Amino acid sequence: MAGLRVCSALVTGANRGIGLGIVRQLLQMSNSPKWVYATCRNPKGERAQELQHLASKHPSLVIIPLEVTDSSSIQAAAARVGEHLKDSGLKLLLNNAGIAKLNSLDTETLEDMSQVYATNTIGPLLVSQAFLPLLKKAALGSPGSELSCSKAAIINISSYGGSIGSPSGWDLMQAVSYRCSKAALNMLTKCQSLGYREHGILCAALHPGWVQTDMGSSLLPSSGSVDMSVQGVLNVLSTLSEKDTGTFLDWEGKVVPW
Ligand code: NDP
């Protein structure tokens, strides 16, 4: 099991797929966080039943409504988490929520491109802005200057599909808006790492592997399990340090070309 040590973590898009897997494994860790905030856009909906079931068994799991394309929802979520944490800050923010739309260069539209950007790129920007005061508080409360997830971190779940320098390409040509949005998310991560370094907050982009989820199966048919991916992701998070802020890594800790 991963050696990640954080006393609080928040995951967006936590009701299914990789987000739900992250929440599940965070709760199973021997040194599980004191608080795990699982956010999703419709906590009472059918798609959040597994998450609700987990919450009934784990008092440390707090479900918070959060639609990442809605500023007032983001502000309300940050306020609720702040009230719940009282005097402590938030250690780890995982911007995981994302969508993919299947469009080629010929069929891409203003509506689809805008929605994908709003969710995958602008969402993580606004969510990070809203939770910044709590992340700063966590960093201030940690002794030492070395960056790590135990001090305070923003992790943006990106994708190999957003890597401009990667050799692959044709297999994902039906996901143009998705790829552009993740390339932009990578640049956002770089900007965050430069801007938040002085506040003691580590920022990195992570490719979780090709994973069998609703999204993963729609993009690439042959992929790995959520459990394997999440185990890798949490292991990588436990090893991140100063040198890793502003980098793009995969679930095995390998550097992915921007
Ligand atoms: P899923 O489609 O299984 O889950 C996506 C999650 O994001 C759901 O919880 C969904 O909630 C949530 N979500 C979507 N839009 C919003 C929104 N506007 N506000 C709040 N939540 C939202 O995808 P995965 O679990 O596979 O993907 C998770 C992350 O991993 C994504 O960022 C994806 O790009 C990335 N990734 C995945 C890969 C894979 O192979 N699966 C490969 C590379 C990267 P709801 O149920 O309400 O729709």
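Keep in mind that what you see is a predicted model, and the values were worked out from it rather than measured. As the structure lists them, so they are numbered: ligands from 1, and atoms in each ligand from 1.
In terms of protein heavy-atom proximity, atom 25 (O) of ligand 1 is closest to I18 N, 2.8 Å. Protein heavy atom closest to atom 12 (C) of ligand 1, with residue, atom name and distance, is G13 CA, 3.8 Å. Of all protein heavy atoms, the one closest to atom 39 (C) of ligand 1 is V211 N, 3.6 Å. Nearest protein heavy-atom neighbour of atom 10 (C) of ligand 1: R16 NH2, 3.7 Å. Among all non-hydrogen protein atoms, the one lying nearest atom 19 (N) of ligand 1 is V68 N, 3.0 Å. Among protein heavy atoms, atom 16 (C) of ligand 1 sits closest to R41 CZ, 3.5 Å. Distance from atom 11 (O) of ligand 1 to its nearest protein heavy atom, with residue and atom name: N15 OD1, 3.4 Å. Atom 17 (C) of ligand 1 has as its closest protein heavy atom E67 OE2, 3.4 Å.
Nearest-residue assignment for atom 29 (C) of ligand 1 (options T119, L94, N96; heavy-atom criterion): N96. Across the listed options A97, G98, S159, A97 owns the non-hydrogen atom lying nearest to atom 22 (C) of ligand 1. The heavy atom nearest to atom 42 (C) of ligand 1, out of those in G216, G209, A118, is found in G209.
Within the 4.0 Å heavy-atom criterion, both parts of M215, backbone and side chain, lie near ligand 1. Residue L66 touches ligand 1 through its backbone alone, judged by heavy-atom distances below 4.0 Å. Under 4.0 Å from ligand 1, the heavy atoms of Y178 that appear belong solely to its side chain. Contacts between K182 and ligand 1 below 4.0 angstrom, taking non-hydrogen atoms only, involve the side chain exclusively.
Annotation for ligand 1: atoms under 4.0 Å from non-hydrogen atoms of I157 are 29 (C), 30 (O), 32 (O), 35 (C). Below 4.0 Å from some heavy atom of I99 lie the following atoms of ligand 1, by number and element: 14 (C), 15 (N). Ligand-side atoms of ligand 1 in range of W210: 40 (O), 42 (C), range being under 4.0 angstrom from any heavy atom. Listed by atom number, the atoms of ligand 1 under 4.0 Å from H207 heavy atoms are 43 (C). Those atoms of ligand 1 that come under 4.0 Å of a heavy atom in R47, given as number and element, are 46 (O), 48 (O). Which parts of ligand 1 touch D214 is read off a 4.0 Å heavy-atom cut-off, strictly below it: atoms 3 (O). Annotation for ligand 1: atoms under 4.0 Å from non-hydrogen atoms of G17 are 3 (O), 25 (O).
T247 and K190 share no side-chain donor-acceptor pair at under 3.5 Å. If you check the side chains of D112 and S177, you find no donor sitting under 3.5 Å from an acceptor.
Residue contact check for ligand 1: S158 places a non-hydrogen atom closer than 4.0 Å to it. Ligand 1 lies out of reach of N42, whose nearest heavy atom is not under 4.0 Å from it.
Here's the thing with G19: none of its N/O atoms is less than 3.5 angstrom from an N/O atom of ligand 1. Between P208 and ligand 1, no pair of N/O atoms sits closer than 3.5 Å.
Within the 4.5 Å cutoff, the side chain of Y37 has heavy atoms near those of the L90 side chain. By the 4.5 Å heavy-atom criterion applied to side chains, T239 and N235 are not counted as neighbours. Annotation: side chain of S229 is in contact with side chain of P208 (closest heavy-atom distance under 4.5 Å). Using a 4.5 Å heavy-atom threshold, the side chains of S238 and R5 count as separate. P124 places a side-chain heavy atom less than 4.5 Å from the side chain of L185.
Ring geometry for H199 versus Y196: interplanar angle of 30 to 60°, hence tilted.
Counting heavy-atom neighbours within 6.0 Å of K243 NZ, excluding the residue itself, gives a total above 12. Heavy atoms of other residues, nucleotides or ligands lying less than 6.0 angstrom from CD1 of I164 number 12 at most.
Judged purely by atom type and a 3.5 angstrom limit, N15 has no side-chain atom pairing as donor or acceptor with the backbone of N42. Without hydrogens or angle criteria, S104 side chain to Q174 main chain gives no donor-acceptor distance under 3.5 Å.
When hydrophobic clusters are built by joining Ile, Leu, Val, Met, Phe, Trp and Tyr residues whose side-chain heavy atoms come closer than 4.5 Å, directly or via intermediates, L249 is grouped together with I22. There is a path of hydrophobic side-chain contacts, each under 4.5 Å, that joins L135 to L126.
Taking the six-membered ring where the residue is Trp, the centroids of H84 and W35 are separated by under 6.0 Å.
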